[in-house]
Amino acid sequence: GWTLLMGLFLLHQTISFSRGYWLGLIAALPWTSFAYAGRGPGAAARWRRVGAVAVLAFSLAAVTTAATALAFGWTDLPQMIGTRFSSSFSTKNSSESASNMERLLEYAASFRLIRETPWFGRGMGYELRIRNPVFHVVTRQWFVHHTYLWIWLKQGLVGLVLLLVLLWQAWRLGARGARAPDDEHAAWCLTAAGATLYLTVVDLTTFHLAEVNATTYQSVLWGFALALSRPAHWQLVWRVQPVPANAMPRQA
C-alpha cells in the first residue's frame, strides 16, 4: 500500500513539471535507498527489496502518467519532460527558461541588498522590489525562489548559519536513528533524514521552508525522530544559582 502511494506521488511530481521537485528526488531517493540497503550482512536481501519497491512504484507512475497524458491529449509527453528538465540550467530567451531568468533577477537584486547588510539582514517584513529590464516594470514580492538566499536577505548571515545548522542536525539525527536495531524506529528516522535531504535540495530553487504544508509535515517527521532517538538535551542556564546567605564564608 505504501509503495502504491509512493507511485501516485511520483505521478504527481512527474506531471507537475517542477524541476526543483525532480532535483530533490534525484538526490534523496538514491541516498535513502543506499542508507537502507547499504553493505554488510543481509545487504543483498535489502537491495532486492529496494529493487522490488522501485520497480512497482516507478511502473505505477509510468502507467498512470501515460494514462494522464492520453486523457489530456499530451501526445509529446516525453519531449515535454525532456525539454523541461534540460531547460533547468538554460538562460535562452524561451518560455521554458523564463522562470530561470526571473530567478536570476531575484538573485541579483537580493545580492545587492545583502551586500549592504550582510550580517543581520533587513528583517522578515522586508519587501523586495525588482525591476524587469525587458518589460520595464517593477514587481514587489516578499519571497525569493531560493530559501537560503531569502534567509540571508532577511535574517542575515547569522540566520542563514542557524538554518543550516538546524538542517544538518536534523539530517544527522535521522541518519543515526536509521541504523537502530528496531525496524520501526529505523524506518521513521530514515524517513525524516530522507525528507530533510529532499527539502534541503528543493529549497535551492523554491521557498518551501516559508510555507505551511512542507514545514508542518517536516516538523512531524522531526518530532518522531526526536521522540524515538531520545537525544541528549542541553540545559540552558541563564544565571548562576544564588548561594544562600548562611553558606557564605564569614569574613575575619
Side-chain angles (χ1 to χ4, degrees), residues 1-14 18 20-64 147-148 151 160-206 208-237:
W2 287 111
T3 305
L4 294 176
L5 186 62
M6 176 182 173
L8 294 177
F9 285 157
L10 289 173
L11 160 69
H12 174 268
Q13 299 211 10
T14 300
S18 179
Y21 294 163
W22 295 351
L23 294 175
L25 288 175
I26 289 173
L29 285 181
W31 179 86
T32 305
S33 300
F34 184 81
Y36 167 74
R39 296 175 293 181
R46 292 192 297 271
W47 277 113
R48 284 194 296 269
R49 185 174 184 182
V50 169
V53 169
V55 168
L56 179 58
F58 282 98
S59 297
L60 176 62
V63 171
T64 52
T147 293
Y148 310 105
I151 291 294
L160 176 60
V161 170
L162 290 175
L163 173 62
L164 295 176
V165 170
L166 170 66
L167 293 173
W168 165 252
Q169 294 283 3
W171 176 84
R172 187 175 65 169
L173 176 70
R176 286 179 174 178
R179 298 192 293 268
D182 182 82
D183 290 342
E184 186 173 358
H185 178 170
W188 278 112
C189 288
L190 181 58
T191 302
T196 302
L197 177 60
Y198 170 78
L199 192 62
T200 300
V201 175
V202 170
D203 278 334
L204 290 170
T205 59
T206 57
H208 281 300
L209 279 176
E211 296 179 334
V212 174
N213 294 344
T215 51
T216 300
Y217 180 58
Q218 188 70 70
S219 299
V220 170
L221 292 177
W222 288 350
F224 275 114
L226 282 169
L228 291 169
S229 301
R230 295 183 176 89
H233 293 78
W234 288 358
Q235 183 177 3
L236 301 179
V237 180

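Only heavy atoms go into these numbers, but all of them, side chains included; no hydrogens, no water, no symmetry mates.
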Closest contact, heavy atoms only, [X] versus [Y]:
X	Y	result
L11	A61	N-CB, 4.1 Å
H208	L199	CB-CD1, 3.8 Å
G177	C189	C-CB, 3.5 Å
A180	A186	O-CB, 3.7 Å
L221	A192	O-CB, 3.7 Å
A193	A175	CB-N, 3.6 Å

To the nearest 0.5 Å, what is the distance between [atom1] ([X]) and [atom2] ([Y])?
X	Y	atom1	atom2	answer
T32	L197	OG1	CG	7.0 Å
T14	W22	OG1	CH2	7.0 Å
Y148	L163	OH	CG	6.5 Å
L167	T200	CG	OG1	4.5 Å
D183	L190	CG	CG	11.5 Å
Y198	W31	OH	CH2	15.5 Å

Exercise for review: I would like to know whether L29 and M6 meet side chain to side chain contact (heavy atoms under 4.5 Å, CB included); could you show each step before the answer?
Suggested key: CA-CA 11 Å; L29 285 181; M6 176 182 173; 4.1 Å; yes
Practice item. Taking the side chain as every heavy atom from C-beta outward, state whether L60 and L4 have any pair of such atoms under 4.5 Å apart. Key: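 They are in side-chain contact.
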Backbone N/O of [Y] and side chain of [X]: donor-acceptor pair under 3.5 Å:
X	Y	value
S59	L56	no
T147	T206	yes
W188	G174	no
R39	F34	no
S229	L226	no

Exercise for review: Evaluate the side chain to side chain contact (heavy atoms under 4.5 Å, CB included) criterion for residues Y21 and V202: first the C-alpha distance (whole Å), next the side-chain angles of each, then the deciding distance (0.1 Å), finally the verdict.
Suggested key: CA-CA 6 Å; Y21 294 163; V202 170; 4.1 Å; yes
**Study point:** Worked check of side chain to side chain contact (heavy atoms under 4.5 Å, CB included) between T196 and W222
**Key:** CA-CA 9 Å; T196 302; W222 288 350; 2.9 Å; yes
